[in-house]
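Owing to the predicted nature of the structure, the values given are computational and were not obtained by experimental measurement. Quick note: numbers below take in every heavy atom, side chains included, and nothing from hydrogens, waters or symmetry partners. The chains referred to below are lettered A, B, ... by the order of the sequence lines, with proteins before strands, and numbering in each begins at 1.
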Number of protein chains: 2
Amino acid sequence: MERSIQDIARLSGTTSRTLRHYGDIGLLEPSRIGANGYRYYDDDALARLQRILLLRDLGLGLPAIADALAGTREHADALAHHLRWLRQEKDRLDRQIDSVEATIRRMKGGEQLMAEEMFDGFDHAQYKDEVERRWGEEAYASGDRWWRSLTAEEKARFQLDQKAVQDDYAAALASGASVESDEVLAIARRHYDWLVVGWRGRRPTAEQFVGMGDMYIADERFGANYGGLEGATYVRDAMKAFAARNL
Amino acid sequence: MERSIQDIARLSGTTSRTLRHYGDIGLLEPSRIGANGYRYYDDDALARLQRILLLRDLGLGLPAIADALAGTREHADALAHHLRWLRQEKDRLDRQIDSVEATIRRMKGGEQLMAEEMFDGFDHAQYKDEVERRWGEEAYASGDRWWRSLTAEEKARFQLDQKAVQDDYAAALASGASVESDEVLAIARRHYDWLVVGWRGRRPTAEQFVGMGDMYIADERFGANYGGLEGATYVRDAMKAFAARNL
DNA sequence: GCTAGAGGTTGACGCCACGTCAATGTCAAG
DNA sequence: CTTGACATTGACGTGGCGTCAACCTCTAGC
């Protein structure tokens with residue numbers, strides 16, 4: 001059976017424009033082209049179109065669909081690959097939703113543009129230079145935007161979390177606990193989780209995490225938060241132990 | 001203070017190309033343009049840029065950002081509007097992820113293209129004409145693709161759910177329960193939820209839901225599933241009662 | 001004063017999957 | 001022969017810039 005372009009469009013629930021587009025990019029050629037230039041499609045073409053549209057509904061791009069149908073890549077592989085991308089997008093959206101909600105709360109709280117300098121206990125800007133040197137200016141600018149998008153309450157909670165981690169490290173050091181003990185590893189895990197928040201969901205690699213520990217030792221501004229050189233070394237070793245086991 | 005375009009780009013974590021783009025579309029003009037054509041930005045421009053980038057990180061489009069900064073729309077309004085869009089996108093992604101996972105399971109189950117005609121108890125194609133007449137050919141084609149993307153197990157579950165609803169309606173009718181009783185309304189709710197699955201997440205309006213009930217009466221093929229004319233009328237009334245209260 | 005290299009400019013194409021005119025040719029029915 | 005439905009190719013628009021290309025300008029060192 002041979003059908004006109006409109007017939008195929010109606011049967012498949014798409015438009016003639018789309019069919020011509022698929023012809024243009026070589027994704028779906030008409031089975032025959034009349035002397036007048038009209039496109040005609042047979043049942044095989046219709047079947048192929050159905051498969052194309054099914055994959056399209058799943059969110060695959062046209063090149064990916066072409067690959068899958070050409071068999072250069074297994075259907076399941078293409079879908080698995082696509083699934084990873086979908087999950088990433090979903091995570092991104094989740095984080096964006098959280099941020100937007102936080103920003104709205106901030107505005108409703110009426111603290112619009114004020115109260116931005118109220119928190120200097122852990123003043124984000126304090127580490128500007130260090131952050132820029134280590135991770136570039138963009139990293140600082142991006143982190144700074146994040147920090148300023150938080151509500152006062154969220155900023156306070158972030159700082160309190162850090163303080164708790166710090167105090168627990170200090171207590172563990174005083175008690176003589178090994179940096180490889182379960183107790184200290186649990187603290188390091190909270191430390192890591194806290195960092196992930198500050199990185200807005202990105203998870204530092206083992207190397208990056210240990211690198212931050214080294215930084216605590218090298219820079220006294222950081223070390224000051226963790227009880228001087230001895231404390232900073234202890235913390236660095238705990239981070240290293242945690243990274244070795246869990247990252 | 002006045003800075004060159006590259007300085008501003010580095011300080012804000014973006015690129016000079018982006019800044020020129022924002023100039024082109026009138027979102028952020030340089031505070032001064034030199035005789036040589038060079039763009040220069042002062043602190044006010046930098047502050048505005050920071051706000052632009054913050055909103056951009058939240059996923060707003062540039063026109064929306066322009067509106068918000070111009071004050072034609074309240075910041076919070078713009079964000080609330082944007083939030084609705086984000087949630088829709090997230091829902092869409094969630095459904096797509098489910099579909100892709102289902103399709104992968106189907107392929108791993110090795111039932112690739114077979115086993116598609118194994119289920120005719122509720123043969124999706126059986127209602128082709130009716131669906132096309134009521135909601136257009138595209139609706140059928142789209143529904144058909146959805147149906148064929150399910151695993152055998154999912155198809156079976158879908159049919160079993162429908163059978164359960166059907167049986168419960170029959171039992172309620174036999175027991176003389178009113179269509180407005182809590183018991184029957186609960187069945188109607190399950191009926192509705194079942195339908196939402198078939199519509200892949202779109203939720204029929206009250207009008208559409210009642211319309212389907214009328215269809216059960218008008219068309220004996222549908223009525224046959226619900227115990228003849230008497231049963232179909234009972235079901236239609238239950239659907240109407242549910243729609244009146246809950247949709 | 002010359003030159004190299006960094007940094008600036010405008011202009012234009014590319015991306016992705018089509019929607020949407022516009023201008024024009026073709027077919028079936030009355 | 002007319003009318004109206006349907007077909008064609010061609011080109012622009014979408015969003016937010018990245019990425020050349022071709023060219024001008026500034027700064028520093030010789």
Contacted region of DNA chain D by chain B, from 5' end to 3' end of the hits, cut-off under 4.0 Å to heavy atoms, spans D:dG16 to D:dC26

In this structure, CD1 of A:Ile52 is separated from OG of A:Ser12 (nearest 0.5 Å) by 10.0 Å

Looking for any heavy atom pair under 4.0 Å, which part of the strands does A:Ser4 touch: base, sugar-phosphate only, or nothing? sugar-phosphate

Applying side-chain contact (heavy atoms from CB on, under 4.5 Å), can you list everything that pairs with [X], at least two apart in sequence or on another chain?
{"X": "A:Thr18", "value": "A:Thr14, A:Thr15, A:Tyr22, A:Arg56"}
{"X": "A:Ala45", "value": "A:Leu28, A:Tyr41, A:Asp42"}
{"X": "B:Glu2", "value": "B:Arg32, B:Tyr40"}
{"X": "B:Ala47", "value": "none"}

Parallel, tilted or perpendicular: ring planes of B:Phe242 versus B:Tyr192, cut at 30 and 60 degrees: tilted

If every non-hydrogen atom of B:Ile5 is compared with every non-hydrogen atom of B:Ser16, which pair is closest and at what distance? CD1-O, 3.8 Å

List the atom of A:Leu83, the atom of B:Ile97, and the distance in Å for their closest heavy-atom pair. CD1-CG2, 3.9 Å

Residues in side-chain hydrogen bond (donor to acceptor under 3.5 Å, both in side chains) with B:Arg87, at least two apart? A:Glu101

Across all chains, not counting sequence neighbours, the side-chain hydrogen bond (donor to acceptor under 3.5 Å, both in side chains) partners of A:Glu89 are A:Arg92

Applying salt bridge (charged side-chain N to carboxylate O under 4.0 Å, His left out), name anything that partners A:Arg17, two or more places apart in sequence or on another chain. none

Please list, chain by chain and in numerical order, all residues satisfying salt bridge (charged side-chain N to carboxylate O under 4.0 Å, His left out) with B:Arg3, sequence neighbours excluded. B:Asp43

Bend across the helix from C:dG1-D:dC30 to C:dG30-D:dC1, to 10°, with axes taken over 5 pairs at each end? 30°

DNA chain C: first to last nucleotide in contact with chain A (atom under 4.0 angstrom from a heavy atom), 5' to 3', is C:dA17 to C:dC27

Check each residue of residues 18-43 of chain A for a non-hydrogen atom within less than 4.0 Å of any atom in DNA chain D, then write out the ones that pass by number, or none. A:Arg20, A:Gly37, A:Tyr38, A:Arg39

